[in-house]
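Order of listing sets the numbers, starting from 1, for every ligand and every atom in it. These figures come from a predicted structure and were not determined experimentally. The figures here come from the full heavy-atom set of this structure, side chains too, leaving out hydrogens, waters and symmetry mates.
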Amino acid sequence: MSKKTYPEPASSEITPEAFYFNRRALLKMAGMTGLAALLTACGLPPGTDTPTPSAIPTIPKSINPTALPTITPTPSTSSSSTPSSQDELGNPATSFHDITHFNNYYEFSLGKEDVAQLTEKFKSSPWQIEVSGLVHRPVTFGMEDLLKKYPQEERIYRLRCVETWSMVIPWTGFPLAKLLKDVEPTGDAKYVKFTTAQLPDEMPGLGNSMFPWPYTEGLRLDEAMHDLTLLATGLYGQPLPNQDGAPIRLVAPWKYGFKSAKALVKIELVAAQPATFWNTFSPREYDFYANVDPNVPHPRWSQAFEQRIGETSRRNTLLLNGYASQVESLY
Ligand SMILES: Nc1nc2c(c(=O)[nH]1)N[C@H]1C(S)=C(S)[C@@H](COP(=O)(O)O)O[C@H]1N2
Ligand SMILES: [Mo]
């Protein structure tokens, strides 16, 4: 299996790395918790090195199709009266219910369908976000000021998790590039590091000391400056639900979902490729770049297909999650 390599803007260490699933999340998805005792924390049972069909997650076709909410777009974030309902490829948006009841958010749970409830009491306001590091004009925003300064637009993006499920999400937000231009990165800035909230009183998952909290992520500066890269502050015309990363999260739609860090508190311009949560947790498992590629299999299963939440049959995974024409020049 060939592994793509990426050009480095700075002279720092890139090790070709391979993904593999988080076994616990996978088992929870598959409802196979009885097998959990057989497994090590994040690997296959000893002696197993290829995926078995039973290890491929079973993904709910629709979490609860009868519980669709009434969507009320907020006038301040949407000029049209209703959010658009499909992406540029004609894919219908995943239901609000599914987007808010099938979540990855390890600060709260290794599960997916319990995140909505566990995040109910999370306090996403008041909130501050610091933009600092190798910049001429560092700034710390309160959320209200940030929302006032940067007009919110709707972007309907596909989200592809490394675990092989996907959604179509109508975000509201603004391009990260606008914010980055305003803080004026210095010539030494080559990467952007994202740090997310670490609030032990509100986030029960932080008690799991095998993870390198806080959850951090990173992008190369040109990736961060790309117009597709969004700071999302809402979805379906509403403020971002807690379980989806309130009050502000990153969205880089051509990359696997783990790059899209939730509940951002700091955006830092840095010189070298930053350490990130998943890449630190297991360098073999989680690539820094994490660009969606059907031709680069996960070490133990194919990435050629995906299960769109709410649909019955599998879809082909698209190169760079269908955004190749827009981002392939970066690589
Ligand atoms: N802070 C934080 N951000 C996170 C995660 C997380 O556990 N913590 N999970 C990531 C993963 S693996 C995915 S697939 C997406 C899921 O976003 P969603 O729950 O809004 O669909 O969030 C990403 N951002
Ligand atoms: Mo993910």
Could you pull out all donor-acceptor pairs under 3.5 Å where a side-chain atom in residues 209-218 meets a protein atom, sequence neighbours excluded?
unit_1	atom_1	unit_2	atom_2	d
Trp213	NE1	Leu206	O	3.4
Trp213	NE1	Asn208	O	2.9
Tyr215	OH	Phe258	O	2.8
Tyr215	OH	Trp278	NE1	3.2
Thr216	OG1	Phe277	N	3.2
Glu217	OE1	Lys259	NZ	2.6

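- Using a distance-only test at 3.5 Å, with no hydrogens or angles considered, a donor-acceptor pair links the side chain of Thr229 to the main chain of Glu223.
- If you look at ligand 1, the protein residues with a non-hydrogen atom under 4.0 Å away are Asn103, Asn104, Tyr105, Tyr106, Glu107, Leu159, Cys161, Trp165, Thr196, Tyr215, Asp244, Arg249, Gly257, Phe258, Ser260, Ala261, Lys262.
- Side-chain polar atoms of Asn291 and Lys255 form a donor-acceptor pair below 3.5 angstrom.
- Between Asp227 and Arg155 there is a salt bridge, since a side-chain N of the basic residue sits under 4.0 Å from a carboxylate O of the acidic one.
- At least one donor-acceptor pair closer than 3.5 Å links the side chain of Tyr323 to the backbone N or O of Arg158.
- In this structure, the side chains of Arg315 and Glu306 come closer than 4.5 Å at one or more pairs of heavy atoms.
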